[in-house]
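Remarks on the structure that follows.
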Amino acid sequence: MEVFEASHWDAAPPLAPSYNVAPSQVAAVLRQENESQVLHPMHWGLIPRWAKSRSVGYKMINARIETLTTKPAYRSLVQRKRCVAVAQGYYEWQKSPAGKTPFFITSERAPLLCFAALWDRWQHGENAVSSFTIITRPPAPKLAQIHNRMPALLTPQQHKRWLSPAEPPELLLAELAQSASDDLQFYPVSNFVNRPANNGPRCVEPAHQEPSLFDLH
DNA sequence: CCAGACGTTGTT
DNA sequence: GTCTGG
DNA sequence: CCAGACGTTGTT
DNA sequence: GTCTGG
């Protein structure tokens with residue numbers, strides 16, 4: 001709330017801290033409501049209003065910026081359902097012949113990352129669920145060594161405009177695809193984070209250098 | 001018209 | 001709900 | 001994203 | 001291989 005000058009949390013108890021937010025789990029999402037910014041707990045993995053079951057959300061965790069305006073599932077959301085997912089960092093798995101290594105990625109300068117995202121509300125009988133998907137883009141040069149995609153990130157200057165319903169989506173998307181993301185830093189972590197049930201500071205501890213089988217005699 | 005999909009990543 | 005394919 | 005299950009019949 | 005759950 002301090003960083004974003006958000007006015008309040010939507011739900012009474014704010015989210016508990018998590019070092020391992022997996023798809024389907026709840027994360028902090030910023031939305032504009034009238035003139036104020038409000039934090040909402042939302043499930044990661046978009047469940048569109050028309051979905052017949054919640055399980056649709058397991059597939060829609062990311063949205064490619066290149067095709068955002070043409071995909072039927074997303075194009076209507078770009079107009080009025082923009083939001084910002086908030087976290088200190090995120091994990092990306094780098095592949096090599098030796099296997100997959102998770103990296104933890106944060107900003108050198110900012111205390112939090114702002115992920116450009118889209119949300120929707122799904123209602124089925126009694127229970128309503130709000131959920132979101134994170135927009136992805138080709139990687140900034142720095143991150144190309146880790147992965148061939150990255151989340152579309154917003155600077156603190158950009159995020160208010162991204163949330164504003166008055167802003168034209170075409171312009172916002174053009175800027176989003178360009179934004180520099182040159183302040184990102186990263187380091188490898190252990191595969192403790194691979195198991196969704198694992199949580200705590202151990203998720204972001206730098207990995208020991210594992211000797212490869214090749215180096216053992 | 002109705003039926004069926006609606007998504008990304010990564011691998012081959 | 002809305003789009004695509006048949 | 002990764003991990004883990006993937007099934008029925010019949011019994012307690 | 002593919003789907004579900006976290």
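Computed from a predicted model, the values in this text were never measured in an experiment. Residue numbers start from 1 in every chain, and the chains themselves are labelled A, B, ... in the order their sequence lines are given, proteins ahead of strands.
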Can you tell me the base-pairing partner of dC6(D)? Count Watson-Crick or G-U wobble geometry only, both distances below 3.5 Å, and say none if there is no partner. dG1(E)
Between P of dT9(B) and OH of Tyr58(A), the distance in whole Å: 20 Å
Residue pair Leu39(A) / Leu15(A), side-chain heavy-atom distance below 4.5 Å: no
Residues that Lys142(A) engages under side chain to side chain donor-acceptor pair (under 3.5 Å), provided they are two or more places apart: Glu108(A)
Ser107(A) and Asp183(A): which non-hydrogen atoms are nearest, and at how many Å? OG-OD2, 2.6 Å
Positive for salt bridge (charged side-chain N to carboxylate O under 4.0 Å, His left out) with Glu66(A), one of Arg137(A), Arg149(A), Lys71(A): Arg149(A)
Nucleotide dG7(B), atom P - distance to CG of Leu68(A) in whole Å: 10 Å
So Phe104(A) and Tyr91(A), would you call those rings parallel, tilted or perpendicular, with 30° and 60° as cut-offs? tilted
Distance col, row Ile47(A):CD1 vs Phe132(A):CZ, nearest 0.5 angstrom, shows 11.0 Å
Starting from P on dT8(B), measure out to CD1 on Ile65(A) and report it in whole angstrom. 12 Å
If you measure from the C1' atom in dG4(B) to the same atom in dT4(E), how many Å do you get, rounded? 22 Å
Just how far, in rounded Å, is C1' of dC1(D) from OH of Tyr90(A)? 13 Å
Among dG7(B), dT8(B), dC1(D), which nucleotide sits nearest the side chain of Thr67(A)? dT8(B)
Provide, to the nearest angstrom, the distance between the CE atom belonging to Met150(A) and the P atom belonging to dT9(B). 12 Å
Does this structure show an ion pair linking Glu167(A) with Arg82(A), if we count only N-O contacts that are shorter than 4.0 Å? no
Students often get this wrong, so: under 4.0 angstrom with heavy atoms, is Thr133(A) touching a base, only sugar-phosphate, or nothing? nothing
I want to check one thing: is the phosphate of dA3(D), taken as OP1 and OP2, less than 4.0 Å away from some side-chain N or O of Asn194(A)? yes
Separation between the C1' atoms of dT12(B) and dG1(E), rounded to whole Å: 14 Å
So, is Arg64(A) near the phosphate of dT8(B), with a side-chain N or O under 4.0 Å from OP1 or OP2? no
Using whole Å, what does the distance between atom C1' of nucleotide dT8(B) and atom CZ of Arg137(A) come to? 17 Å
At under 4.0 Å between heavy atoms, what does Ser55(A) touch on the DNA or RNA strands: base, sugar-phosphate, or nothing? nothing
Euclidean distance for C1', dC2(B) against dG6(E) (whole angstrom): 38 Å
Should the heavy atoms of other residues, nucleotides or ligands under 6.0 Å from CD of Glu92(A) be counted, would the total exceed 12? yes
Out of dG7(B), dC1(D), dT9(B), minimum distance to the side chain of Trp93(A) belongs to dC1(D)
If you measure from the C1' atom in dG5(E) to the same atom in dA3(B), how many Å do you get, rounded? 30 Å
Rounded distance (Å) that lies between atom C1' of dA3(D) and atom CZ of Phe192(A): 14 Å
Determine the Euclidean distance between corresponding C1' atoms of dC1(D) and dG7(B); express it in Å to zero decimal places. 14 Å
May I ask you to say what Leu46(A) touches in the nucleic acid, namely base, sugar-phosphate or nothing, with a heavy-atom cut-off under 4.0 Å? nothing
Footprint string (nucleotides 1-6 of chain C, 5' to 3'): B base within contact, S backbone only, - free, heavy atoms under 4.0 Å: B-S---
In terms of ring plane angle, is the pair His124(A) and Trp122(A) parallel, tilted or perpendicular, where the classes change at 30° and 60°? parallel
Just to be sure I understand the rule, does Asn191(A) reach a base, reach only the sugar-phosphate, or reach nothing, if contact means heavy atoms closer than 4.0 Å? nothing
Nearest-nucleotide pick for Arg195(A), side chain only, options being dT9(B), dG7(B), dG4(D): dG4(D)
Whole Å only: how far is the CD1 atom of Ile146(A) from the C1' atom of dC1(D)? 15 Å
Contact class for Tyr91(A) vs. all strands (heavy atom < 4.0 Å): base, sugar-phosphate, or nothing? nothing
Within the structure shown, what part of the strands sits under 4.0 Å from Ala63(A) by heavy-atom distance: base, sugar-phosphate, or nothing? sugar-phosphate
